[in-house]
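All remarks here apply to the structure that follows.
For ligands, and for the atoms within them, numbers begin at 1 and follow the listed sequence.
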Amino acid sequence: MPETQAPWAARDSLRITSVRAVVTAPGGVPLVVVRVDTSEPGLYGLGCATFTQRFHAVTAAVEQHLGPMVVGRHPADIEDVFRLLHFSSYWRGGPVHNNALSGIDQALWDIAGKRLGVPVYELLGGRVRGGAAVYTGARGGSVEESIERAAALAEQGYRHVRLQCGGPGLGTYGAEGTPGGYPGSPYPDGWDVGHYLRTTPRLFERAREVLGDELGLLHDAHNRLTPKEAVGLARSLEPYRLFFLEDPLAPEHFDRLPEVRAAAPMPIASGELVTSMTDATRLVTAGGVDYLRVHVSAVGGLTPARKLATLCELTGVRTAWHGPPDVSPVGAAVNLTLDVTSPAFGIQEQHVYPERVHEVFPGTPRTVDGYLVPSDRPGWGVDLDEAQAAKYPPQAHLHERWAARVRRPDGGLEAP
Ligand SMILES: O=C(O)[C@@H](O)[C@H](O)[C@H](O)CO
Ligand SMILES: [Mg+2]
């Protein structure tokens, strides 16, 4: 497409020659990774484009819409390519488009590092810390089970754990429930907010009794509360000194987050469901968060995320980039790059990938003693073995099967 080519002369003859999306599910969750090839044999880049719930749509956006616009471009014009892809659809953003854009954006940063033989963190000004402190989830069907799991993680060297505990019916977010927990209700497998608000303080009270004062304790309310319920929960958890309380409100109510944050004794973390750099900026400037938890690929990749990291640095907000199972190992390496290069780093959510994921993605970051330390390999330091990847075809509607079941005992559908 001649219109999408740069109106300036490139410094050398290197060009983007092809853009492809690869979908693979070695850990069960469908992951989408974009591979950008260049005219230099063996020089390619990888980027995370994982919107696991809509992976076919992302693949089409990459291969049918965005990819053809960047073939023939010099891979070093990252900022211009980002703006070109962002503005060229006129209606911009949204998780499908942004994930496709992220796949290409992050692949170009990978190529930039590989051309120079340096990790991407050196392109961003270098490291400001040795590693990133992480948290991972401790979940169980009962209070004691959740706490046992947290103790086991502390034993492995984790200094922070996110504690989630099940309960009747569907159970609360991130932990197993007890089927049929609300007998006689229209939906016996439901989730009851009153039960959740009454029992969660007991989980943390017991956690402090058993685990002591040093372990960082976090909790994810997963968008299910009203502003008043959120403040009530936050106040009831005050004695247990949470590291942060995550996602008290759904994104539909983010204009109420500043008042929740003002009334909450602990730091508030939110933003994983934000799908634009603009919305993430508003969350910070409106005073809605102490920790900004953006899903990097959902806002378009490293290019917008590093601007958000700078915004956080300049406004006294900390980062906690979203790191669930539905971020590919390439995305995990991008998160880690932001963590070690930004003075605003707060904490990193870490998913412990099963070994099969390491086989598909050689170089997948591993936590040691509660820290992730970046690789010194060029680019992101993570590769994609496509022969291995092909062994794990994606399964459609994996996430939707779970999210479609989040209802109250009366049958009313909730934010998951
Ligand atoms: O903070 C988290 O890790 C969760 O909110 C998950 O990202 C969400 O359930 C989708 O996987
Ligand atoms: Mg969350």
Side-chain angles (χ1 to χ4, degrees), residues 25 27-32 48-55 58 95 99 134-139 146 149 153 158 160-166 170-177 191 196 200 216-225 230 233 242-254 257 260 266-275 280 283 288-299 318-329 331-332 334-335 346-354 357 367 372 394-395 397-406 414-416:
V29 184
L31 304 172
V32 188
C48 184
T50 303
F51 178 10
T52 198
Q53 293 84 352
R54 298 291 185 269
F55 62 86
V58 175
N99 268 282
V134 304
Y135 71 86
T136 196
R139 49 182 63 183
S146 303
R149 179 77 188 118
L153 290 169
Y158 286 93
H160 306 85
V161 296
R162 187 173 71 190
L163 213 49
Q164 308 290 135
C165 177
L170 185 76
T172 196
Y173 165 74
E176 227 173 280
W191 175 81
Y196 169 72
T200 304
L217 298 177
L218 301 78
H219 182 66
D220 190 353
H222 222 252
N223 311 288
R224 293 183 184 181
L225 305 177
L233 177 69
L242 264 61
F243 184 94
F244 67 48
L245 174 62
E246 176 177 337
D247 280 345
L249 305 186
E252 289 82 358
H253 307 130
F254 274 179
L257 208 46
V260 170
M266 73 284 282
I268 296 295
S270 199
E272 69 183 54
L273 290 179
V274 153
T275 54
L283 213 46
V289 288
D290 298 284
Y291 287 83
L292 183 66
R293 274 180 66 61
V294 161
H295 188 105
V296 169
S297 65
V299 299
R318 301 258 173 192
T319 65
W321 308 104
H322 192 215
D326 45 322
V327 164
S328 73
V334 174
N335 285 342
I347 198 161
Q348 180 59 54
E349 176 184 19
Q350 190 228 2
H351 170 62
V352 182
Y353 294 103
V357 174
T367 297
L372 280 166
Q395 183 197 336
H397 296 306
L398 195 70
H399 177 95
E400 291 88 330
R401 288 198 171 89
W402 164 76
R405 292 175 49 225
V406 184
E414 289 283 316

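- The closest protein non-hydrogen atom to atom 8 (C) of ligand 1 is H222 NE2, 3.5 Å.
- For atom 6 (C) of ligand 1, the closest non-hydrogen atom of the protein is Y173 OH, 3.4 Å.
- E349 has its side chain out of reach of L218: every pair of non-hydrogen atoms, C-beta onward, lies at least 4.5 Å apart.
- Across all their heavy atoms, G346 and Y291 have their closest contact at CA-CE2, 3.9 Å.
- Listed for the T136 side chain is a donor-acceptor partner under 3.5 Å among the backbone atoms of Q350.
- Residues satisfying the ring-ring contact (aromatic ring centres under 6.0 Å, His included) criterion with F55, sequence neighbours excluded, are absent altogether.
- Contact annotation: the side chain of L249 never approaches that of S270 to less than 4.5 Å [non-hydrogen atoms, C-beta and beyond].
- Contact annotation: for R162 versus ligand 1, heavy atoms closer than 4.0 Å belong to the side chain alone.
- In terms of distance to the Mg ion (ligand 2), the nearest N, O or S atom of E272 is named OE1.
- Looking at E246, its N, O or S atom nearest to the Mg ion (ligand 2) turns out to be OE2.
- The CD1 atom of I268 sits 4.5 Å away from the CG atom of L245 when rounded to the nearest 0.5 Å.
- From Y196, atom OH reaches atom OG1 of T172 across 5.0 Å, with rounding to the nearest 0.5 Å.
- Taking a 4.0 Å cut-off on heavy atoms, E246 registers as neighbouring ligand 1.
- Contact between R293 and ligand 1 is present, with at least one heavy atom of the residue lying under 4.0 Å from the ligand.
- Minimum-distance N/O/S atom of D220 relative to the Mg ion (ligand 2): OD2.
- Among all protein heavy atoms, the one lying closest to atom 3 (O) of ligand 1 is E349 OE2, 2.4 Å.
- Each of the following atoms of ligand 1 lies closer than 4.0 Å to a heavy atom of D220: 1 (O), 2 (C), 4 (C), 5 (O).
- There is a side-chain donor-acceptor pair under 3.5 Å between N99 and S297.
- In this structure, the separation between CG on D326 and OG1 on T50 is 7.5 Å, given to the nearest 0.5 Å.
- Closest to atom 7 (O) of ligand 1 among all protein heavy atoms lies H322 NE2, 2.4 Å.
- Taking a cut-off of under 4.0 Å to the non-hydrogen atoms of E272, the atoms of ligand 1 that pass are 1 (O), 2 (C), 4 (C), 5 (O), 6 (C), 7 (O), 8 (C).
- Heavy atoms of H295 come nearer than 4.0 angstrom to ligand 1 in no pair at all.
- For atom 11 (O) of ligand 1, the closest non-hydrogen atom of the protein is D326 OD1, 2.9 Å.
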